[in-house]
Engineer: 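The structure is given below, and queries will be raised subsequently.
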Amino acid sequence: MVELQGIGGAPGCAIGVAVVKNAGKTAPERRIIDDPAEEIERFHAARDTHMRRLESLYTETLDRLGEKEAGIFKAHQIILQDEYFFGQALERVTKERVAVDYAIEEEKRIAAAAFAEIDDEYLRERFSDIETVCHELICILNDHNNNFASIPQNAGGVILVAEELTPADTVRMDKDLLRGLLTEKGGSTSHTVILARALGIPAIVGVRDLSSQIKNGHTVILDGGTGQACVNPTRERLRNFKQTKLEEDRRRAGYEKAKREKAVTLDGRVVRVNVNTGDADSLRNFDKDVCDGVGLFRTEFLYMDHADYPTEEEQSAVYRDMAEKAGGKEVIIRTLDIGGDKQLGYMCLPEEDNPFLGYRAIRICLDRPAVFNAQLRAILRASVYGDVKIMFPMIVSLDEVRAAKAATKRAMDELRAEGIPFNKDIKQGIMIETPASVFISDQLARNVDFFSIGSNDLIQYVTASDRMNDKIQHIYDSCNVSVLRAIRIVADNAAKAGIPVGICGEVASEARLIPLWAALGIAELSVAPAFVGRVKYVLRRTSAAKTRQDLESLFDCESADEARALLDKILAGIID
Ligand code: PEP
Ligand code: MG
């Protein structure tokens, strides 16, 4: 038995027989050829074949999953048509008289070195698409089918194992047999992981030395939630796993059912469960029947999708569409939160040594009144089509709140003068995501209509650990008692001032923390759409008053692990 630990990519437990991709694969060898023209012709034929395959994968995925997932294969077609990249390879064929598969491999190696220099993790991961396209092309040139071992006869289920899986591998695999994915490479935003989540296939990525530990035909169990896998488990390990899987299947069925129910705790406390949205995909798939509204509309996606500032009209149309889709349920629109890890070329933002501590979010909006004004006018214009609210990010002082509200007032005055309707009683709230805003939350609460805790940033600022830096993710910890105390301070101050407080960072859907949110009187949790069912499921089994008692010692825990253990114990008592 070998225990493996990776990064949980897509949740769920799976068991199956390992089918290893590229078992025994070697890179193409440097082969000298006689006739470059013939080799170039071979390349074009292979490219045409791959183009057709990608087209049919696109159509198949579009039917089954939708535009976003299918888009991966369009992206691969674009890479396949890259005349510069493949032109370099063909030039190598002519000049060095080498086989085209070797030439492509060489160009891929050069590109890999260039991509490795890129700081942006997302862009770095996109290299895997180039790698995939090259690999598939080389497979076609060599007339072998992606090097998958054949599936053992009578296999009840298959776990695909690979250094790296391509989206095509995932889509092509017989779904009746495919139980899980296990890869050595790949991050949590890789396309394979996105697809696995969409297909509901448990996946683990980033398992070190995977290929040396699994062979074709081995029995593998995996838990995509915890990132744990086991090869050839003992009987005892298998028994435990089957028990965990049974419980998980039961819970998942419960989450599905809970999705359409109201989130009311056992002692009658209603918590609104909203969704975070903003990107095109989540806007398109918004379903008002499974949530209480939108708790965080990240408007920066709208700006990122444009080559220049979106106009007031363009913005207003998008906000109006969301307000109408929500059918009277609240829609909290956050004003532009650019800077930090989100950059916009056309804004010409300065290079900064500490972008997360620099020119970002409300700081930029207050510094660029025309940009802010266009957005506020657009939000106000949409406010007559639903329950639209405004939310300001990254607040550190009362001055900023007053300046932001003054900007709203100016926009209102203009619209009034122009005879354009808007909701003059529109609610204006702020995000609590800086330590400064925590410490003055009593003052802030008296000056705004609501708070929403942005824990993603709050954790990074409270624990002084960059949320993007994987070296210090053990410090960036939602259970650090300083973080929990900060949230309690905010909840208490909001309650004293009589304003509602919500949470829109990722901790809103962290299962072990959900009972705590109910106990602290958090009125709204805004989460990724995939987690609505889970959040409601836990809330409906929680008694806020009892949890408050059970968690009395939480804020005195002396370590994050101690706090986590206590929270886990309480969660186990609630959902088991
Ligand atoms: C947050 O900081 O918790 C938040 C929701 O905002 P973002 O993740 O967009 O910074
Ligand atoms: Mg934030």
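Because the structure is a prediction, the values reported are computed rather than measured. Every number for a ligand or one of its atoms is a count from 1 in the order of the listing.
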Engineer: May I ask you to decide if the ring planes of F297 and Y319 are parallel, tilted or perpendicular, using 30° and 60° as cut-offs?
Structural biologist: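 Correct class here is perpendicular.
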Engineer: Ion pair present between D292 and K536, side-chain N to carboxylate O less than 4.0 angstrom?
Structural biologist: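 Looking at K536 together with D292, the answer is no, because their closest N to O distance does not fall below 4.0 Å.
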Engineer: Within the side chain of T547, is there an N or O that forms a donor-acceptor pair under 3.5 Å with the backbone of L516?
Structural biologist: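 Here the side-chain-to-backbone pair does not exist.
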Engineer: Nearest to the Mg ion (ligand 2), which N, O or S atom of D457 do we find?
Structural biologist: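 Nearest N/O/S atom: OD2.
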Engineer: Under 4.0 Å between a Lys/Arg side-chain N and an Asp/Glu carboxylate O for E248 and R251?
Structural biologist: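 No, E248 and R251 are not salt-bridged.
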Engineer: With a 4.5 Å cut-off on side-chain heavy atoms, are R381 and E313 touching?
Structural biologist: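 Answer yes - side chains close enough.
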Engineer: When you look for protein heavy atoms under 4.0 Å from ligand 1, which residues do they belong to?
Structural biologist: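 Near ligand 1, by chain and number: L296, R298, R334, D337, K342, M431, E433, G454, S455, N456, D457, R467, C504, G505.
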Engineer: Within this structure, what is the CD-CG distance for the pair Q460 and N456, rounded to the nearest 0.5 Å?
Structural biologist: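 Answer for the CD-CG pair, Q460 versus N456, is 9.0 Å.
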Engineer: Restricting to N/O/S, name the atom of E433 that gets closest to the Mg ion (ligand 2).
Structural biologist: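 The E433 atom nearest to the Mg ion (ligand 2), restricting to N, O or S, is OE1.
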Engineer: Does the structure place the NZ or CZ of R467 under 6.0 Å from the centre of the six-membered ring of F356, at an angle of no more than 45° from the ring's axis?
Structural biologist: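 No.
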